Structure formats: C-alpha cells, structure tokens
Amino acid sequence: MKIDDDTGVGPGRGSPPRTPRWVKVFGIIAILLVLLFVVSLLAGGSHGPGRHTPSGDAGRHTPPSGVTDNGVQQP
Amino acid sequence: MTMTPRLRNLALTAHVTSSVGWFGAVAGFLALAVTGLTSQDAQMVRAAYLAMELTAWFVIVPLALASLVTGLVQSLGTTWGLFRHYWVLVKLVVTIFATIVLLMQTQPISYMAGVAAETTLSSADLREARISLVAHAGGGLVVLLVPAILSVYKPRGRTRYGRRKQHESIRSSGDTAHVEGEPATNA
C-alpha cells in the first residue's frame, strides 16, 4: 500500500499535513521581492516601463544628444 | 475533462516546446541586449536593438502566451488540476508574473529600437534604459528557471483544495484503505 503523505492519512491522522517547506521558502522570497519593489516605489523611483521613455508618448521618439543618422550634430 | 493519452502527449509537447523555446529566446535576447549596451560599433548597436524588437514581438511574446495557454490546458485536462498541487500553482503564478513583466517591457524595447533606427547611439545615450533591458532579460532567465525546475522535480505537496478533492475521490470510490497515488507523470 502506497502512502501518499499529502493526504494526511496514516500516522497523525487527526492533524492536516503542513504546507511543504519549499512552498514557505518560495512564499517568503516572493513577499520580500514585493516589499523591495514597494520600497523602491516609495523611495521616489518609478519602476514602470515609462521611466526610460518620453512621458505619455511611446510613438514619437526624442533623439538623445548625439549625431543623427546622416552625421549632422544636433544643436 | 481528462484528455486522452494521445491528446495529452500533444498538449505536453506543445507546452514543453513553447516553454523551453521561451527560455531560449530570452537567452538570445539577453545576448543582443548586452551587445547593444557594450558594443562600440554603431552599426552593431543599431542592429542589436532592431533585432531585439523583432525577437520580442515575434518570438518571445508568442512563446510566452503559448506556454501559459498550453500549461493551463495541461493542468485542466489532466488529473493534476490547476489548484491541487503546489508545484502547479507556483508554476502558474510565476508564468503569469513573467508574462506580465514581458508585456510591460515591450514598450521600452520598441522605444529603444525606434531611437536606434533614427539616430546613432553613443555609449552614454540612454544608458539606464539599456542597462534595464539587460537586467530584465537576465532576471527573466532566472525567473523562467523556476517553472522548468518545478516541472522536472514536481515537489510534493497538495493544497487544501487538492486534499479535499482527493478525500472526495477516496470516499466516492468507497475504499478508505487504498490511498490514491500521484497522477501519472506527464512531463
């Protein structure tokens, strides 16, 4: 007879099986990452995809300071 | 509804292919991102960011969505279920998270490609954005390792819902002495 220790059947039948340790570890890591993300937001930084792009307009690009494609220096 | 063995194998093949393909595509994307950040050759930099946009939209996004959908089909169409086992649940959460981050990243990827197409980027231009692309690609690879590892090892652990379903199944079979084992491995 194969005992599946997930079911709680067997020794200690009255007590439900506990959450596996790896799930708890994963959950702790996930919570820490979320907290880190929240702290970074509260610290004033934006983590959205728009923080490196011109605000509100992903279609039109403001060229960085430098040369254009035909070699003309931007004023 | 449980799938037939033939259909299950087909769904499994689709899921493994799309999931591993997603991982490989992100690895290639990372190589392009590093090239775009570090190369001193202007043509190479431009090519890298243009290739990154194409790779993201036509390879990575489709594979990510395929991985998510086929994973749902796999879990719902077999006795594993979607919420019965912790490893399946964690895989689902991680895959959804990775897909959301990927879709959010398409905007800066397209922006960089647009800038690269119109101008010649110096090493100092948009450095933070370029580093961010490398960081997200690298982080994405690490995150995608989690579902891969879970799929192979399938660590034990049923959720409360899974245990309830198993007890119901045992009671309905009328055999409390026989304990149901894990479903047949399908990956």
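Computed over heavy atoms, backbone and side chain alike; hydrogens, waters and symmetry mates excluded. Being a predicted model, the structure only gives us computed values, none of them experimental. Chain letters run A, B, ... following the sequence lines, proteins first, then strands; residues in each count from 1.
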### Message
My understanding is that only residues two or more places apart in sequence, or in another chain, count here; which of them pass side-chain contact (heavy atoms from CB on, under 4.5 Å) with B:Ser18?
### Response
B:Leu63, B:Ala66, B:Ser67, B:Thr70
### Task
Identify, with sequence neighbours excluded, every residue that meets side-chain contact (heavy atoms from CB on, under 4.5 Å) alongside B:Val101.
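B:Val101: side-chain contact (heavy atoms from CB on, under 4.5 Å) contacts with B:Phe97, B:Gln105, B:His136.
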### Message
Take a 6.0 Å sphere around CD of B:Glu168 and say whether it holds more than 12 heavy atoms from other residues, nucleotides or ligands.
### Response
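Atom CD in B:Glu168 is packed in, count exceeds 12.
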### Summary
By residue number, those in residues 20-30 of chain A with heavy atoms under 4.5 Å from heavy atoms of chain B are A:Pro20, A:Trp22, A:Val23, A:Phe26
Do [X] and [Y] share a hydrophobic cluster (ILVMFWY, side-chain heavy atoms under 4.5 Å, transitive)?
X       : Y        : answer
B:Trp22 : B:Leu103 : yes
B:Leu12 : B:Val20  : yes
A:Phe37 : B:Val93  : no

### Message
As an exercise, state the distance from OG1 of A:Thr19 to CZ of B:Arg158, rounded to the nearest 0.5 Å.
### Response
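So the OG1 of A:Thr19 and the CZ of B:Arg158 are separated by 14.5 Å.
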#### Entry: Interface moiety of B:Ile131 toward chain A, non-hydrogen atoms closer than 4.5 Å
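Interface part for B:Ile131: neither.
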### Message
Taking side-chain hydrogen bond (donor to acceptor under 3.5 Å, both in side chains) as the definition, give me every residue that meets it alongside B:Tyr86, ordered by chain and number, with sequence neighbours left out.
### Response
none
